[in-house]
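Throughout, residue positions are numbered sequentially from 1 according to the sequence presented. Atoms considered below: every heavy atom in the structure, side chains included; atoms not considered: hydrogens, waters and symmetry mates.
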Amino acid sequence: MDNFTFQGPLGPIECLVEPNRSERNAVLVMAHGFRGSRESGGRAAGIAYQCAAHCSVVRFNFTGTRILSLQVAELRAVIAAARERQPGCAVYLLGRSLGGAASIVTASLEPELKRLILWATPNNLRETFRHVMTDEYYERLDAGETLEFDDERGHCVLTPDFLTDFDQYDLSGILGSWQGCPVLLLHCKGDDTVLVKQALRNKELLGDKAKLCLWDGGDHSFTEYSEQAGAVIANWLAE
């Protein structure tokens with residue numbers, strides 16, 4: 001499978017593919033976090049290369065800052081496009097942060113998925129965004145105000161349905177009743193965006209269905225541990 005572009009539910013989606021170096025018919029789809037990108041600060045390409053020892057790896061950008069439901073729709077469309085281009089493939093899914101939340105929902109709707117990797121992923125989105133945004137901005141958004149701002153990541157507009165859409169999804173409930181594929185959980189104890197207690201709760205909910213890997217210190221982006229995390233994922237996919 002080569003790089004490809006297709007028409008997604010919100011417009012064209014350009015996918016970058018790291019070619020499979022094995023004979024296994026499998027594809028890993030990677031979903032980035034809130035206001036992130038398929039590059040993830042330059043670390044995603046390295047992780048894709050590590051994982052491509054066992055499967056093709058597909059990276060893409062979500063269309064802007066969208067509600068979770070639309071991210072799920074785009075993620076499912078990418079999975080469908082990958083299956084179309086690589087018939088009969090096993091599909092693995094890696095979601096980082098908010099992309100991990102979208103991956104949890106997607107996996108619950110895609111029972112044929114073979115592996116799920118949750119990288120710094122929350123189970124309580126409202127709690128996470130209240131923590132990140134601070135009470136003032138969270139409450140303004142929750143009260144129906146649209147927030148618009150510019151920062152080092154560019155221009156951002158958050159509409160109230162960004163929060164209210166979360167209420168459609170009980171992530172803890174999905175994980176607590178999990179009957180799907182094996183799950184790998186990755187988290188840094190020093191993550192100050194999605195606190196490590198959420199990773200511990202994810203493991204508690206999933207029980208023996210999940211493997212949890214924790215790193216001392218670190219941050220939400222795995223700045224120090226990206227290569228190590230990629231090796232853990234690749235080894236887990238090799239099993």
What are the two closest non-hydrogen atoms of [X] and [Y], and how far apart are they?
| X | Y | result |
| --- | --- | --- |
| Met30 | Ala48 | SD-CB, 4.3 Å |
| Ser226 | Gln50 | O-OE1, 4.4 Å |
| Leu75 | Ser103 | CD2-OG, 3.8 Å |

| query | For the residue pair Trp215 and Phe222, does the interplanar ring angle fall in the parallel (under 30°), tilted (30 to 60°) or perpendicular (over 60°) class? | reply |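 Taking Phe222 first and then Trp215, their aromatic rings stand perpendicular (interplane angle over 60°).
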| field | Audit row: Glu39, His32, side-chain hydrogen bond (donor to acceptor under 3.5 Å, both in side chains) steps and yes/no | value | CA-CA 8 Å; Glu39 302 304 330; His32 65 75; over 6 Å; no
| message | Is there a path of hydrophobic side-chain contacts, each under 4.5 Å between heavy atoms, that joins Leu212 and Leu118? | response |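 Yes; Leu118 is reachable from Leu212 via cluster members.
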| task | Identify whether Val194 and Leu163 are in the same connected component of the hydrophobic contact network (ILVMFWY, side-chain heavy atoms under 4.5 Å). | result |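 Different hydrophobic clusters.
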| task | Validate the cation-pi geometry between Arg21 and Tyr49: distance from NZ or CZ to the six-membered ring centre under 6.0 Å, angle to the ring axis within 45°. | result |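 Relative to the ring axis of Tyr49, which defines the angle, Arg21 lies inside both limits.
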| said: Distance to the ring centre below 6.0 angstrom and angle to the axis at most 45 degrees; does that hold for Arg85 and Phe4? | reply: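 Output yes; distance and angle both within limits.
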In plain terms, say whether [X] and [Y] are close enough for a salt bridge, that is, a side-chain N and a carboxylate O under 4.0 Å apart.
| X | Y | answer |
| --- | --- | --- |
| Lys197 | Glu204 | no |
| Asp167 | Arg126 | yes |
| Glu74 | Arg66 | no |

Report yes if the side chains of [X] and [Y] come closer than 4.5 Å at any heavy-atom pair, otherwise no.
| X | Y | answer |
| --- | --- | --- |
| Leu214 | Cys188 | no |
| Cys15 | Phe6 | yes |
| Glu112 | Arg83 | yes |
| Leu98 | Thr128 | no |
| Leu109 | Arg76 | yes |
| Leu125 | Phe34 | no |
| Met1 | Pro19 | no |

Any donor and acceptor pair, going by atom type alone, linking the side chain of [X] with main-chain N or O of [Y] inside 3.5 Å?
| X | Y | value |
| --- | --- | --- |
| Asp191 | Val196 | no |
| Asn235 | Ala231 | yes |
| Asn123 | Ser172 | no |

Under a 3.5 Å threshold, yes or no: a donor from one side chain and an acceptor from the other, between [X] and [Y]?
| X | Y | result |
| --- | --- | --- |
| Ser108 | Tyr169 | no |
| Ser22 | Asn20 | yes |
| Asn25 | Gln86 | yes |
| Ser56 | Glu18 | no |
| Glu148 | His155 | yes |

| task | Return the set of residues passing salt bridge (charged side-chain N to carboxylate O under 4.0 Å, His left out) with Glu14 (not counting sequence neighbours), or none when no residue passes. | result |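 With neighbours one apart ignored, the set is Arg38.
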| query | What residue among Val58, Leu93, Ile117, Val91 forms side-chain contact (heavy atoms from CB on, under 4.5 Å) with Leu28? | reply |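 Among Val58, Leu93, Ile117, Val91, the one that satisfies the side-chain contact (heavy atoms from CB on, under 4.5 Å) with Leu28 is Ile117.
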| query | By side chain to side chain donor-acceptor pair (under 3.5 Å), which residues pair with Thr5, not counting sequence neighbours? | reply |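 In terms of side chain to side chain donor-acceptor pair (under 3.5 Å), with neighbours along the sequence ignored, Thr5 is linked to no residue.
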